[in-house]
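Structure record follows, encoded as structure tokens.
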Amino acid sequence: MKLSKYLVATLKEAPNDAETQSHKLMIRAGMIRKVAAGIYNFMPLGLRVFRKVEKIIREEMNNSDAIEVMMPFVTPADLWIKSGRWDIYGKELLRLKDRADRDFCLGPTHEEVVTDLVDREVKSYKNLPLNIYQIQPKFRDEIRPRFGVMRAREFVMKDAYSFDVDEKAADESYSKMFNAYQNIFKRCGLEFRAVEADSGNIGGSSSHEFMVIADTGEDTIMVCDKCDFAANVETTPVIFQEEDLKSENHKKNAGAGKETPEIKIEKISTPSITSVKDLANFLGIAEQRIVKTMIVSTDQGLEAVLIRGDHEISLTKYKKERNLEFVELANDKEIDELKTAKGFTGPIDLEVKIFADNAIKNLVSYVAGSNEKDFHLLNVNHNKDFKINKFFDVREAMEGDRCRCSVDALLSSTKGIEVGHVFKLGTKYSEAMKAGFTDASGKNQNFFMGCYGIGVGRVVAAAIEQNNDEKGISLPLSIAPFEAIVIQADKKNEEVLRVSEEIYNFIKNKGIDVALDDRPESPGIKFKDAELIGIPYQIVIGPKSLAKDVIEFKNRRTNIKEEIPIDNLNKLFELINE
RNA sequence: CGGGGUGUAGCGCAGCUGGUAGCGCACCUGUUUUGGGAACAGGGGGUCGGAGGUUCGAGCCCUCUCACCCCGACCA
């Protein structure tokens, strides 16, 4: 590609609405441009990287016996009604009507369409297993799109769906995909980790997320220092630790209740103090002595959850344990319905079901809200003052928590970007949609399914997030927009023009994805652009080096320059393939 | 959706107490430059997000509205 005929849309300055490095750099490098919130143009250079990632994905999928199809982006409501998700998907599903007022939606994922497709075409166990995939746009009307194409509303996803005769066969399909994903992310040169995860909206029994390790990641992953356990913080089990109760913090309770549950409740004035932190300071006690009462809104109505002051609730665990379709923290209006006061909510006389985290079980004489504005209660005790329906593990794991593998194994946390997710779906969709096949004994069976997604644009963004420096993007060879660039360091010198073109053609004919920077710009601009865009190798041709009968070869990452004699150009390929 | 914020040239921004809409980069023309984002001279580009209002006069004040960004809950 000759850059004089290309659209190089690099910018000196990043727009101020970009936060993360990858977002800033993708805009500066002219890879993407925003069209609307969470909706982007992929520019020529960005598309090059995108296509390379796509190619790797496609190759690995095909190697795993997955078959490519293309399903529609606009999908009819009846399929969604059949699976039951038309009602539960919520606002993220962008719904529209056609001219005859029929309901459609933009596909956020394709379980419905693919289940319907396979059900129509596959009648016999003899045609299974089957794995169908596509690389195609999705639309999810995210509440808050951000970080450029990292979390876009319209994005391209590789989504695959496996169909099997039983659970065992489905497990095999799952591990096949798991391996394919490892290969894909390895080939993209990413530092990543597969972690145990929640299956969320998609549903199913088990799942893993593929996380690219990056400080700006939106997910927190917990990793054990002794075993190979790694999981999303949302689902990381917390091993209940009795010794917490005997800790110094627990005893540091001046102003709060005593250890004996007999002591009477005391109501104290805590004007405008609504946070655990402020309350702990105000009372001069540890946060561990405070129990916060969180109101959640669910498909079963409002419920309360008690969490120790220094802990955070995991709605994911809550949803799973309670077997809910839907859960979120209650809004102010819902809290008002409960005759309580936001920031002062407590468990006593609360007219909803009350659940509690395991850490509350052995806690005695703690501080809780009074359900009256500006007042809290000291010396509150469950069983005596109110009833708890059930205790379970509902808090988020924290750094320093114990791993399930051994007593002295500790968890630490890292941030990650979720680039892929694999799910075991079981018969969730095939049952709902009555999709199945005839088994060897002539009986009808539902398909055992799995689904597997990769956000293609997100892989691009995550790769850039992980591979950049002060000069710009520094992508690995496998997904760089070009593998190498020939730079004319002089725009008039006839010999420079001629030799650079020859060398460019020579390299190109060797199958290297190379660009020729023949733009009438000063050398400085060309160097800066090549580095910003993230091209791994620069081949510089200018009067200086030609005078010595050499060309210059420079590695973007190591910054190491080498001079290569013009009569030994094959050396170039040794260096490129290193 | 709740909370916070921003909309002025393609990008980054300034614009005071209401009184002729500006700067840097980018762009166009010319000359000189040419190995790390060149210099000079000249030039083009704006419904000041939109609508309404107050005023002799609004980028600035008021009302409404739209868009976008940030923090929270969701996800590839």
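Order of the sequence lines fixes the chain letters, A, B, ..., with proteins taken first and strands second; residue numbering starts at 1 for each chain. Bear in mind the structure is a predicted one, so any value in this text is a computation, not a measurement.
- Within a 6.0 Å radius of CD in A:Glu321, more than 12 heavy atoms belonging to other residues, nucleotides or ligands are found.
- Across the C1' atoms, B:G10 and B:G57 are found 32 Å apart, a figure rounded to whole Å.
- A:Asp529 comes within contact range of at least one nucleobase, with a heavy-atom separation under 4.0 Å.
- No side-chain N or O of A:Arg187 forms a donor-acceptor pair with one of A:Ser478 less than 3.5 Å apart.
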Grab the N/O contacts between the protein and nucleotides 21-29 of chain B below 3.5 Å, and write none if there aren't any.
| unit_1 | atom_1 | unit_2 | atom_2 | d |
| --- | --- | --- | --- | --- |
| B:G24 | N2 | A:Glu13 | OE1 | 3.4 |

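- Nucleotides B:G12 and B:U17, compared at atom C1', are 28 Å apart to the nearest Å.
- In this structure, A:Lys526 reaches neither bases nor backbone, as no heavy-atom distance under 4.0 Å exists between it and the strands shown.
- Comparing B:A14 with B:C23, their C1' atoms sit 7 Å apart, to the nearest whole Å.
- When the P atom is used for both B:A9 and B:U65, the distance is 25 Å, rounded to whole Å.
- If you check every strand for non-hydrogen atoms under 4.0 Å, A:Ile143 touches a base.
- Checking the phosphate oxygens (OP1, OP2) of B:U34, no side-chain nitrogen or oxygen of A:Ser522 falls inside 4.0 Å.
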Next item on the list: Check step by step if side-chain contact (heavy atoms from CB on, under 4.5 Å) holds for A:Ile464 and A:Met31.
Entry: CA-CA 11 Å; A:Ile464 290 170; A:Met31 289 189 174; 3.9 Å; yes

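- Using a 4.0 Å heavy-atom criterion, one finds that A:Lys471 contacts no nucleic acid atom at all.
- A:Gly420 comes within contact range of the sugar-phosphate backbone alone, with a heavy-atom separation under 4.0 Å but no base atom that close.
- Here A:Val156 lies out of heavy-atom contact (under 4.0 Å) with every strand.
- Nucleotides B:G44 and B:G3, compared at atom C1', are 44 Å apart to the nearest Å.
- Here the closest heavy-atom approach between residue A:Ile479 and residue A:Ala463 is recorded as CD1-CB, 3.6 Å.
- Residue contacts shown for A:Lys138 are absent, as no nucleic acid heavy atom lies under 4.0 Å away.
- Taking the P atom of each, B:C25 and B:A67 are spaced 35 Å apart, rounded to whole Å.
- Pairs passing the salt bridge (Lys or Arg N to Asp or Glu O under 4.0 Å) check and including a residue from residues 36-52 of chain A, sequence neighbours excluded, read A:Arg48-A:Asp513, A:Arg51-A:Glu54, A:Lys52-A:Asp513.
- The salt bridge (Lys or Arg N to Asp or Glu O under 4.0 Å) pairs that include a residue from residues 21-47 of chain A are A:Asp17-A:Lys34, where partners are two or more places apart or lie in different chains.
- Nearest-nucleotide positions on RNA chain B place A:Gly524 closer to the 5' end than the other of A:Gly524 and A:Ala152.
- You cannot call A:Phe527 stacked on the base of B:G37; the centres under 5.5 Å and planes under 30° rule is not satisfied.
- Within 4.0 Å (heavy atoms only), A:Asp219 reaches at least one base atom of the nucleic acid.
- Residue A:Lys492 contributes atom NZ, which lies 8 Å from atom P of B:U32 at whole-angstrom precision.
- Using a 4.0 Å heavy-atom criterion, one finds that A:Arg33 contacts no nucleic acid atom at all.
- Between A:Lys91 and A:Glu154, the residue whose closest nucleotide on RNA chain B is further toward the 5' end is A:Lys91.
- Between A:Phe210 and A:Phe178, the distance from one ring center to the other falls under 6.0 angstrom.
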